[in-house]
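Step one of this worksheet: look at the structure below.
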2 protein chains.
Amino acid sequence: MLAIGTLSRRTGTKVQTIRYYEEIGLMNEAGRTAGGQRRYFEKDLDRLAFIRHSRQLGFSLDSIRELLDLSDNPSQSCAEADSIARRQLHQVEQRIKRLQALKRELKRMVAECDGDSVAECKVLEVLRDHSECLTEHDQIGA
Amino acid sequence: MLAIGTLSRRTGTKVQTIRYYEEIGLMNEAGRTAGGQRRYFEKDLDRLAFIRHSRQLGFSLDSIRELLDLSDNPSQSCAEADSIARRQLHQVEQRIKRLQALKRELKRMVAECDGDSVAECKVLEVLRDHSECLTEHDQIGA
DNA sequence: GCTTGAACCTCTATCTGCTGTAGCTTGTAT
DNA sequence: ATACAAGCTACAGCAGATAGAGGTTCAAGC
């Protein structure tokens, strides 16, 4: 029987975050001691590790919910899990592309700034000037 | 005199977002018509474009606030604007690195999945397995 | 001058994914 | 028996918007 702090330490998850995952139904409701403290089994730790690993890979909580459902019903086709992963991969690739464009522009900014007064500061100038922007009205995603 | 919808269209910003920027003090309080509708000048449009462009470059609203302050007081040294930009560049580079690690892992996942049943689905297996993870307890930043 | 309807207004709630605090209770080691 | 770390609930708050309800104003056409 593991206390919440043990799960926290072993997965690098804040205690509140674990309780939050329970609240939103991502973790099962934990058993309780007579005094009301949560107690976990190894399988709960595995589930939490799965969630955290998926979060690190950038999956949304909703996607993780889908993946956990799939993994709870292991007789279905794997195609759905694969498509979630592919979608995710696509998003990551798009994000990288955008960030690389940003990086180029930021480099241009700091390269041109020679540290004199703001009046001729290239950083501010570049930010004012939208014309060299590649991704005109794109969002920079979270 | 420009209506809020015109600013919205010309900068690709939602109307509510413009009002939100006013609320948090990023945009100046707009003048009003007798009936209470906001009216803007070209300089307000420029300021909004500056904000949006900076957002697209990944600057936080706080950083943008600093940059706008600098740009409002053009006699100071440019060093500060430069340092904000450099900080931002550094963050962008870090983000790219992390995303590239994620991309590799996602590719591995989808490459190994051969579309059979969930029982032998590599996607779920990889998510369960934390050991090949490069960035053990790292956050995936927003 | 009047009517229409798109565009505006305020206010409040919601989203994602947590994190932090206050104030109290429980569990465990000595 | 006592100390105190670790647990509990409940609620507020963060960024950065976005959505909707319900009402008002502006401007163009007739």
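Because the structure is a prediction, the values reported are computed rather than measured.
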Value in whole Å for how far the P atom of D:dT18 lies from CD1 of B:I18: 11 Å
Any donor and acceptor pair, going by atom type alone, linking the side chain of A:R55 with main-chain N or O of A:F59 inside 3.5 Å? yes
In this structure, CD1 of B:I18 is separated from CG of B:D44 (nearest 0.5 Å) by 10.5 Å
N/O to N/O distances under 3.5 Å, protein versus nucleotides 19-22 of chain D:
{"residue": "D:dA19", "atom": "N7", "partner": "B:Q16", "partner atom": "NE2", "Å": "3.2"}

Phosphate OP1/OP2 of C:dT16 contacted by A:R55 side-chain N/O (<4.0 Å): no
Please pick, from D:dG16, C:dC18, D:dG7, the nucleotide with the shortest atom-to-atom distance to any side-chain atom of B:L61. D:dG16
Applying side chain to side chain donor-acceptor pair (under 3.5 Å), name anything that partners B:Y21, two or more places apart in sequence or on another chain. B:R52
Residues that B:R19 engages under side chain to side chain donor-acceptor pair (under 3.5 Å), provided they are two or more places apart: none
For B:F41 and B:M1, what are the C-alpha separation, side-chain angles and deciding distance, and is it a side-chain contact (heavy atoms from CB on, under 4.5 Å)? CA-CA 6 Å; B:F41 299 105; B:M1 298 297 261; 3.5 Å; yes
Between A:E42 and A:R47, does any side-chain N to carboxylate O distance fall below 4.0 Å? no
Indicate whether OP1 or OP2 belonging to C:dT19 is found under 4.0 Å from a side-chain N or O atom of A:T17. yes
Backbone N/O of A:T13 and side chain of A:T17: donor-acceptor pair under 3.5 Å: no
Heavy atoms under 4.0 Å, any strand shown: does B:I4 hit a base, just sugar-phosphate, or nothing? sugar-phosphate
Main-chain N/O of B:I4 paired to B:S8 side chain as donor or acceptor, under 3.5 Å: no
Start with the C-alpha gap between B:R39 and B:R32, add the side-chain angles, then the distance that decides, and say whether side-chain contact (heavy atoms from CB on, under 4.5 Å) holds. CA-CA 6 Å; B:R39 287 296 179 269; B:R32 302 284 184 135; over 6 Å; no
C:dC15 C1' sits how many Å from A:R65 CZ, rounded? 14 Å
Criterion side-chain contact (heavy atoms from CB on, under 4.5 Å) on B:L45 and B:T6, from CA distance to verdict: CA-CA 9 Å; B:L45 196 140; B:T6 311; 5.6 Å; no
Write down the distance between CG (A:D62) and C1' (C:dC15), rounded to a whole number of angstrom. 11 Å
Any residue of residues 28-46 of chain B with a heavy atom less than 4.0 Å from an atom of DNA chain C: B:R32, B:G36, B:Q37, B:R38
Starting at CE of B:M1 and ending at C1' of C:dA7, how long is that distance when rounded to a whole Å? 17 Å
Between the axis at one end of the helix from C:dG1-D:dC30 to C:dT30-D:dA1 and the axis at the other (five pairs apiece), what's the angle to 10 degrees? 10°
Using a cut-off of strictly less than 4.0 Å, decide whether B:Y21 has a side-chain nitrogen or oxygen near OP1 or OP2 of D:dA17. yes
For atom CD of B:E22 and atom C1' of C:dC8, their distance in whole Å: 13 Å
Quick test of your reading of the model: are B:E22 and B:R38 salt-bridged, counting only N-O distances below 4.0 Å? yes
Can you pull out every side chain to side chain donor-acceptor pair (under 3.5 Å) where at least one residue sits in residues 58-67 of chain A? Sequence neighbours excluded, please. A:S60-A:S63
From OH of B:Y20 over to P of C:dC9, roughly how many Å is that when rounded to an integer? 18 Å
Rounded off to whole Å, could you give me the CZ-to-C1' distance for the B:R9 and C:dC8 pair? 12 Å
Figure out the CG/P separation between A:L2 and C:dG27, and round it to whole Å. 16 Å
